[in-house]
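Reviewing the structure listed below.
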Amino acid sequence: MTANLVLLSGGVGGARLARGFEHLEEVRSTVVVNVGDDETIYGLHVSPDVDTVLYTLAGVEGPQGWGRAGDTMVLMDHLSKLGVDTRFRIGDADAAVNVYRTMRIRAGDQLDEITAALARTLGVRSRILPATNSRLRTEVRTGPGCWLPFQEYFVLRGHRDEVAELRYAGAESATASPGVVEAIRSADAVIIAPSNPPLSIWPILAVADIGAAMRDARRVMAVSPLFGGRALKGPADRVMSSLGLPPGNSGVLAAYDGLLHDLFIDSLDAGDAPSLEQAGVSVHVGSTLIAEEDRAVTFAGRMLEVL
Ligand code: GDP
Ligand code: CA
């Protein structure tokens, strides 16, 4: 029997789980990807999380999980000679994708159509949908009255600032991209990937019709991004704590406020299980390390077994 799944995903953590399902024949998966990180850089519309998912599913991702394997930096070298600030690194093949996206947006095409064309070209089997075609941008408050665009906080300042507050500019008027709500409504399960809850998943849930569809979803399962209470990479644990969420996986559960039926946590956090169970969620404990493809496929298989 074919399982119909929807994954909510940010960049690297989400892409790793999506790759597990991409390689399971018995699954039809739709990956709904965060666009709160999108930005105009070097005049180009970059969609970092969408591209990380596309590249990872196509097997062409870079060694850190983002960008493309073996990419050259000729464009960055020349821009830098012209005095342009090139701390946001975009390789040449990656830049070509962003030029293509920008050209099509200028021609009036929507992000979902452009993403579908890229997925076809890259040979990706899963359906990849940007959460919304509307303009939605994550902004980070790092001090009194100090709001930073997401990429300035994350890349240029290396996510070292304490996050006091988040907002998703444009979310109020954003609508889900075509197919997202229908996919959530008809899914056997919606899986929230082990992405950063406030920075990668909340901007998806902030789109009103996605948030509403999630509350009606048949089954919602999440995979924790925490190992021993800490993020494997990036600021998830620090951001959750500075936003007032409880520590460890109680924080992950609270971040998804009443949405979860199941939570997959790592063996390192087995001690979190009793209080989570008490809060009414089914907890599944085991290794959640899915950096390598074969582990991701095995893990995805484990998730299917509890369906
Ligand atoms: P970004 O958009 O590229 O920053 O990535 P995401 O928001 O999708 O994911 C970041 C999170 O992925 C981090 O909090 C990591 O802890 C988590 N992560 C990365 N690799 C793994 C993994 O193999 N297993 C699990 N469970 N989480 C992971
Ligand atoms: Ca991201």
Side-chain angles (χ1 to χ4, degrees), residues 7-21 31-39 41 46-57 61-67 88-89 94 128 130-131 136-140 149-155 158-159 163 166 168 191-205 221-241 243 245 248-249 251-252 255-256 262-269 272 283-300 302-303:
L7 262 79
L8 305 190
S9 170
V12 174
R16 286 177 171 171
L17 183 61
R19 175 164 63 181
F21 288 108
V31 189
V32 177
V33 189
N34 171 40
V35 295
D37 298 16
D38 285 27
E39 190 50 277
I41 300 178
V46 304
S47 291
D49 286 355
V50 169
D51 287 348
T52 293
V53 170
L54 287 171
Y55 297 157
T56 304
L57 296 197
E61 80 283 2
Q64 313 289 329
W66 47 267
F88 192 102
R89 310 293 290 165
D94 196 7
I128 315 297
L136 186 157
R137 296 285 180 276
T138 299
E139 296 173 349
V140 182
F150 178 78
Q151 295 301 348
E152 187 173 338
Y153 154 77
F154 201 84
V155 175
H159 49 71
V163 175
L166 292 170
Y168 309 104
I191 297 173
I192 302 181
S195 292
N196 186 318
L199 293 179
S200 293
I201 303 296
W202 286 0
I204 303 176
L205 300 174
M221 313 204 275
V223 182
S224 173
L226 302 180
F227 292 83
R230 305 292 303 270
L232 206 56
K233 226 180 98 177
D237 52 296
R238 282 187 293 123
V239 173
M240 286 168 57
S241 145
L243 292 175
L245 293 165
N249 283 302
V252 175
Y256 300 131
D262 299 81
L263 180 58
F264 286 73
I265 65 173
D266 194 77
S267 311
L268 286 175
D269 300 294
D272 292 351
V283 182
H284 309 276
V285 184
S287 173
T288 64
L289 201 59
I290 51 170
E292 276 121 42
E293 182 175 303
D294 54 341
R295 282 180 173 250
V297 174
T298 306
F299 183 81
R302 254 183 71 207
M303 292 198 80

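Since the model is a prediction, treat every value here as computed from it, not as a measurement. Atoms within each ligand, like the ligands themselves, are counted from 1 in listed order.
Using the six-membered ring where Trp is involved, F264 and H284 have ring planes that are parallel, under 30° apart on the 30 and 60° scheme.
Screening R137, E139, E39 for a side-chain contact (heavy atoms from CB on, under 4.5 Å) with P149, the sole residue that qualifies is E39. When each of L199, V12, V33 is paired with D49, the side-chain contact (heavy atoms from CB on, under 4.5 Å) condition holds for V33 and for no other.
The backbone N or O of P48 sits less than 3.5 Å from a side-chain atom of T52, completing a donor-acceptor pair. The closest donor-acceptor contact from the side chain of R19 to the backbone of A291 lies under 3.5 Å.
Side-chain atoms of N196 and P235, non-hydrogen and from C-beta on, do get closer than 4.5 Å to each other.
Its N, O or S atom nearest to the Ca ion (ligand 2) is what matters here, and for D37 that atom is OD2. Among the heteroatoms counted here (N, O or S) of D49, OD1 is the one nearest to the Ca ion (ligand 2).
Counting heavy-atom neighbours within 6.0 Å of R230 CZ, excluding the residue itself, gives a total of 12 or less.
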Are there any N/O pairs under 3.5 Å between ligand 1 and the protein, and if so, what are their distances?
| from | atom 1 | to | atom 2 | distance (Å) |
| --- | --- | --- | --- | --- |
| ligand 1 | 2 (O) | G11 | N | 2.9 |
| ligand 1 | 2 (O) | D49 | OD1 | 3.1 |
| ligand 1 | 3 (O) | V12 | N | 2.8 |
| ligand 1 | 5 (O) | V12 | N | 3.1 |
| ligand 1 | 7 (O) | N196 | N | 2.9 |
| ligand 1 | 7 (O) | S200 | OG | 2.6 |
| ligand 1 | 8 (O) | G11 | N | 2.9 |
| ligand 1 | 8 (O) | G13 | N | 3.2 |
| ligand 1 | 8 (O) | G14 | N | 3.2 |
| ligand 1 | 8 (O) | S195 | OG | 2.7 |
| ligand 1 | 9 (O) | G13 | N | 3.2 |
| ligand 1 | 12 (O) | P194 | O | 2.9 |
| ligand 1 | 16 (O) | P225 | O | 2.7 |
| ligand 1 | 16 (O) | L232 | N | 2.8 |
| ligand 1 | 20 (N) | R16 | NH1 | 2.8 |
| ligand 1 | 23 (O) | I290 | N | 2.8 |
| ligand 1 | 23 (O) | A291 | N | 3.3 |
| ligand 1 | 24 (N) | T288 | O | 2.8 |
| ligand 1 | 26 (N) | S224 | O | 3.0 |
| ligand 1 | 26 (N) | T288 | O | 3.2 |
| ligand 1 | 26 (N) | T288 | OG1 | 3.4 |

